[in-house]
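Computed from a predicted model, the values in this text were never measured in an experiment.
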Amino acid sequence: MASESNLSAVLREVDNLVLEERPIPRPGKGEVQISMHAVGICGSDVHYWKKGRIGDFILKAPMVLGHESSGIVSSVGEGVTHLKIGKQVFLSFYCFPGPIGLVNLMTAKACGASKVTVTDIDKGRLNKAKELGADFIIKVDPKKDSKDLANKVIDSMGPADQTIECSGAEASFHAAIYATKSGGTLVVVGMGKPVVNFPIVDALVREVDIRGIFRYVNCYPKALALVASGAVNVKPLVTHHFKLEESLAAFETSRTGAGGAIKVMIHCNKGYKI
């Protein structure tokens, strides 16, 4: 089952994504080798491509992009007994499923949220949010200040008991503080600039509880359970499919949102037909 070809999408530097063959290392003790089948493009992949960093995580050497991965075990190293060759697996490097704002919407609904308001700068994504269960959608006007957006959220459903900020944009972080009720909770998911300004007095005097989350390994079992039970259906989020050789076009589609793109998938197996 092991392949002799290892075509990879490699980010060499900012805005320089290339395809190249890379050596295939054999698995060592306690390791397994995976033959990749499908990889989802994450917003962080695009950000690395165009900016070379995510917060304090900085591109310092050529990096193979793609961390939302699935495939088949093709070889096992010494001592590995819990996985067999041919086993279908997916890899928990980073975030699982993908368009994190929409996933949070579906998760909030699955967990019993009575009203959910979604804000975004993209009308297409807002329409998708409405389709997936958002009670209210608000298109962000970048020319207006963050208090204006917060007031629109409050007008739609009242001050939020819990707010989840997924974009990493500083203005959105401000709006999230203002829109959260006194004593409410704001969870910051999106990672933007390493250092941001924020209205600390407003947060303090209203006792808004600001929490961070790295949203990866510790969330994974619960996320799997929600998807496996059918409480959260992520299939509508997958909108576009590309072959590995079309990686640059796939990244550009993900970056621009062309054709209503939400989650863009790259298929690595040669037999996949678009």
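Residues in residues 100-111 take part in these salt bridge (Lys or Arg N to Asp or Glu O under 4.0 Å) pairs, two or more places apart or across chains: Lys109-Asp135. Among residue pairs with one or both ends in residues 33-43, none qualify as salt bridge (Lys or Arg N to Asp or Glu O under 4.0 Å); sequence neighbours excluded. Within the structure, the salt bridge (Lys or Arg N to Asp or Glu O under 4.0 Å) test picks out the following pairs touching residues 116-128 (sequence neighbours left out): Lys128-Glu131. Under the salt bridge (Lys or Arg N to Asp or Glu O under 4.0 Å) criterion, the residue pairs touching residues 174-194 are Asp161-Lys181, Glu170-Lys193, with sequence neighbours excluded.
Across all non-hydrogen atoms, the minimal contact from Ser247 to Leu244 is OG-O, 2.6 Å. Taking each heavy atom of Leu19 and Ala9 in turn, the nearest pair found is CD2-CA, 3.9 Å. What you find for Ile137 and Ala129 is that their closest heavy atoms are CG2-CB, 4.3 Å. Nearest heavy-atom pair across Ala203 and Ile177 is CB-CG2, 4.1 Å. Heavy atoms only, all atoms of each residue included: Ile138 and Ser156 are closest at CD1-OG, 4.4 Å. Taking every heavy atom of both residues into account, Tyr48 and Leu59 meet most closely at CE2-N, 4.3 Å.
Side-chain contact between Val73 and Ile34 is present, with at least one heavy-atom pair separated by less than 4.5 Å. The shortest side-chain heavy-atom distance between Val153 and Asn151 does not fall under the 4.5 Å cut-off. Side-chain contact between Phe90 and Ser69 is absent, with no heavy atoms from C-beta onward closer than 4.5 Å. Residues Leu65 and Leu17 have side chains in contact (heavy-atom distance under 4.5 Å, counting atoms from C-beta outward). Using a 4.5 Å heavy-atom cutoff, the side chains of Arg26 and Ser75 are in contact. Put simply, the side chain of Glu31 does not reach to within 4.5 Å of the side chain of Val80, judged on heavy atoms. At least one side-chain heavy atom of His174 sits less than 4.5 Å from a side-chain heavy atom of Pro199.
A side-chain donor from one of His267 and His241 sits under 3.5 Å from a side-chain acceptor of the other.
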Only distances under 3.5 Å count here; give the side-chain donor-acceptor pairs of residues 221-240 to other protein atoms, sequence neighbours excluded, each with its distance to 0.1 Å.
| unit_1 | atom_1 | unit_2 | atom_2 | d |
| --- | --- | --- | --- | --- |
| Ser229 | OG | Ala225 | O | 3.1 |
| Ser229 | OG | Leu226 | O | 3.0 |
| Ser229 | OG | Ala231 | N | 3.2 |
| Asn233 | OD1 | Lys235 | N | 3.2 |
| Thr239 | OG1 | Ile262 | N | 2.9 |

Just distance, no hydrogens or angles: give the donor-acceptor pairs under 3.5 Å from side chains in residues 99-106, sequence neighbours left out.
| unit_1 | atom_1 | unit_2 | atom_2 | d |
| --- | --- | --- | --- | --- |
| Asn104 | ND2 | Ile100 | O | 2.8 |

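Formation of a donor-acceptor pair under 3.5 Å by the Lys263 side chain with backbone atoms of Ile41 is found in this model. Proximity of a side-chain donor or acceptor of Thr119 to a complementary backbone N or O of Val140 within less than 3.5 Å is not detected. Here the side chain of Thr180 pairs a donor or acceptor atom with the backbone of Ala176 at under 3.5 angstrom. Counting only distance, with no hydrogens or angles, the side chain of Gln162 and the backbone of Leu186 share no donor-acceptor pair below 3.5 Å. Of the possible donor and acceptor atoms, one in the side chain of Asp45 sits under 3.5 Å from a partner among the backbone N and O of Cys42.
In this structure Glu21 satisfies the side-chain hydrogen bond (donor to acceptor under 3.5 Å, both in side chains) test together with Ser5, sequence neighbours excluded. Annotation: salt bridge (Lys or Arg N to Asp or Glu O under 4.0 Å) contacts of Asp202 (sequence neighbours excluded): Arg206. Looking at residues two or more places apart in sequence or on another chain, you find no ring pair (Phe, Tyr, Trp, His ring centres under 6.0 Å) involving Phe136. Ser172 is linked by a side-chain hydrogen bond (donor to acceptor under 3.5 Å, both in side chains) to Glu165, counting only residues two or more places apart in sequence or in another chain. Scanning for side-chain hydrogen bond (donor to acceptor under 3.5 Å, both in side chains) contacts around Ser8 gives an empty result, with sequence neighbours left out. A search for salt bridge (Lys or Arg N to Asp or Glu O under 4.0 Å) contacts involving Lys51 returns nothing, not counting sequence neighbours.
Between Glu20 and Arg22 there is a salt bridge, since a side-chain N of the basic residue sits under 4.0 Å from a carboxylate O of the acidic one. Under a 4.0 Å N-O distance rule, the pair Lys139/Asp141 does not qualify as a salt bridge.
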| Can you list the steps and then say if Arg255 with Glu252 is a salt bridge (Lys or Arg N to Asp or Glu O under 4.0 Å)? | CA-CA 5 Å; Arg255 182 185 72 84; Glu252 187 64 21; 2.4 Å; yes

| task | Check the pair Val118 / Val116 against side-chain contact (heavy atoms from CB on, under 4.5 Å), numbers first and verdict last. | result | CA-CA 7 Å; Val118 174; Val116 177; 4.2 Å; yes

| query | Can Cys268 and Val39 be said to form a side-chain contact (heavy atoms from CB on, under 4.5 Å), step by step? | reply | CA-CA 8 Å; Cys268 307; Val39 181; 4.0 Å; yes

| said: Between Asp145 and Tyr178, is the side-chain contact (heavy atoms from CB on, under 4.5 Å) condition met? List the steps. | reply: CA-CA 11 Å; Asp145 65 21; Tyr178 295 135; over 6 Å; no

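More than 12 heavy atoms of other shown residues, nucleotides or ligands fall within 6.0 angstrom of atom NZ in Lys50.
By the 30° and 60° cut-offs, the orientation of the rings of Phe198 relative to Phe173 is tilted.
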